[in-house]
Amino acid sequence: MAVLANNLTPEDGASMTHRLAVSRIQLSEFRCYESLKLSLSAAPVVLTGPNGAGKTNLLEAVSLLAPGGGLRRAKLGEIARNVPSNVPPTETGAPRAWAVSANVETPDGAFQLGSGLDPAALEQGRERRAVRIDGQAQRGQAALGRVCAAVWLTPQMDRLFLDGPSARRRFLDRLVFGLDPDHSSRVAAYEHSLRSRTKLLKEGKGDDKWLASIEDSMVRHGIAVAVARAELLARLSRAGTMAIGPFPAARLALSGDLEDWLETLPAVEVEDKMRAALRDGRGRDATYGGAVVGPQRSDLLVWHDAKGQSADQCSTGEQKALLLSIIMANTRLQTKARGAGPLLLLDEVVAHLDAERRNHLFDEIVALGVQAWMTGTDRALFEGLDGRAQFFRVEDATLSLETTP
Ligand SMILES: Nc1ncnc2c1ncn2[C@@H]1O[C@H](COP(=O)(O)OP(=O)(O)O)[C@@H](O)[C@H]1O
Ligand SMILES: [Mg+2]
């Protein structure tokens, strides 16, 4: 078991007050980590080491301190550490009860967060996520949003503008979580109602009254989700500073029926219109699943403003830069609005930036005082952070603190 204390004094890194930062994290049976304990300052965290060392796994653990299914959206059982053996995975039995626990400093004080595979449920053969805040069991992971926010950029997101809209909606909702902690419970409540309605329609079981009450809940939560997304976009645009130095400015818009209605009609009329559309669409939704209208049909549209080019037409490097622009604009906004930005998890991002962009990003991360967790294989690319970050070498699921020059 590695116990690492860092040697940064408060003057070296950012102070722990008025920040969101992990000050201690402990993993057990989490992917390649049998056990890991880390103590941290609020300064940015740099993890460098070879492929397969365990860098992304650690970022994934941090991502599970915020609402949602983490940066890999993995099934709970997948996260449990596989012990190398010759037994086929299907015959190794139940997964191990993995856990992540952390002390998190926030502008509202210090909290202890825990997340993991519920050992009690596991004994009954069920996989359930347990979430604890200051030792108290929570009903769902949405509660984490009141304490912790995290935003990430990973290599898988290279396809964000090319693939279907669901990943773009998740990206947008994650930005909203940070500004509006209730958004994740709203999204969860809407999705729960949508699933219940779909099931009833498919089974042909629901009577009109029952369906109408579920649709009422979809209207209430669905419109709140759409309004919160639109509000974030408006605030990002009002902030008017989407571009930072060498990063491109992004222009953002939302598309969808609900968004069109909200722009032109009073809220009560939008509610009536959505309720009527759901009632009239029951036959279609019974056949095709989903729902004719709702926030699950919206899309986030992004353009490279200076080029007037839509993001999917931009080069891979430009797309990454656009995503970083959006993430940093959101971080600035959140720092102002909530007193602290989110934890930023930037997996293999820095290697794709030229020196000018890299140094600009480092400077802004330090200036905003966000705890950014950054990974890469090449330590030299992070030289711009020497003396301003805590550096760990990751090798074979073992971390060692490096002394910075
Ligand atoms: N459930 C698991 N149990 C044990 N090892 C795992 C599990 N999931 C992934 N791994 C392994 O963890 C190692 C480190 O992965 P990762 O953190 O993605 O590496 P990198 O440092 O390149 O980001 C990989 O070799 C991967 O196969
Ligand atoms: Mg990786």
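Each residue takes its place number in the sequence, starting with 1. Counting starts at 1 for both ligands and their atoms, in listed order. Nothing here was measured: the structure is a model prediction, and the numbers come from that model.
- At the shortest separation from atom 23 (O) of ligand 1 among protein heavy atoms lies T56 OG1, 2.7 Å.
- Distance check, rounded to the nearest 0.5 Å: NZ of K202 to OH of Y288 gives 10.5 Å.
- Of all atoms in ligand 1, numbered sequentially from 1 with element shown, those under 4.0 Å from a heavy atom of N51 are 22 (O).
- Using cut-offs of 30° and 60° for the angle between ring planes, the F391 and F382 rings count as perpendicular.
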* To do: Mind running side-chain hydrogen bond (donor to acceptor under 3.5 Å, both in side chains) on D299 and S255 for me, showing each step along the way?
  => CA-CA 5 Å; D299 195 2; S255 73; 5.0 Å; no
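- Under a 4.0 Å N-O distance rule, the pair R186/D180 qualifies as a salt bridge.
- In terms of protein heavy atoms, atom 8 (N) of ligand 1 is closest to R31 NH1, 3.3 Å.
- Residue-environment remark: NZ (K199) stays at or below the threshold of 12 foreign heavy atoms within 6.0 Å.
- For R146, the CZ atom counts as loosely surrounded, since its 6.0 Å shell holds 12 or fewer non-hydrogen atoms of other residues, nucleotides or ligands.
- With a cut-off of 2.8 Å, the Mg ion (ligand 2) has no N, O or S atom of T375 in range.
- Every atom of ligand 1 is numbered from 1 in the order shown, and the set under 4.0 Å from a heavy atom of R81 is 3 (N).
- Counting non-hydrogen atoms of other residues, nucleotides and ligands closer than 6.0 Å to CG of D396 gives a total of 12 or fewer.
- With respect to the salt-bridge test (charged N to carboxylate O, under 4.0 angstrom), the residues R129 and D118 do not qualify.
- Here E60 has no heavy atoms under 4.0 Å from ligand 1, in either its backbone or its side chain.
- The distance from the CG atom of L322 to the CZ atom of F161 is 6.0 Å, given to the nearest 0.5 Å.
- Of the protein's heavy atoms, N82 N, 2.8 Å lies nearest to atom 3 (N) of ligand 1.
- The protein non-hydrogen atom at the shortest distance from atom 12 (O) of ligand 1 is N57 ND2, 3.0 Å.
- Assignment of I79 to the shell around ligand 1 is supported, since a heavy atom sits closer than 4.0 Å.
- Scanning all protein heavy atoms for the shortest distance to atom 24 (C) of ligand 1 gives G52 O, 4.0 Å.
- Ligand 1 places these atoms under 4.0 Å from at least one heavy atom of A53: 19 (O), 20 (P), 21 (O).
- Residue E348 places no heavy atom under 4.0 Å from ligand 1.
- The nearest heavy-atom contact from the protein to atom 18 (O) of ligand 1 is R72 NH2, 2.9 Å.
- The line from OG1 of T335 to CE of M328 is 8.0 Å long, rounded to the nearest 0.5 Å.
- Near E78, meaning under 4.0 Å from one of its heavy atoms, ligand 1 places the atoms 1 (N).
- Regarding atom 1 (N) of ligand 1, its nearest protein heavy-atom neighbour is A80 O, 2.8 Å.
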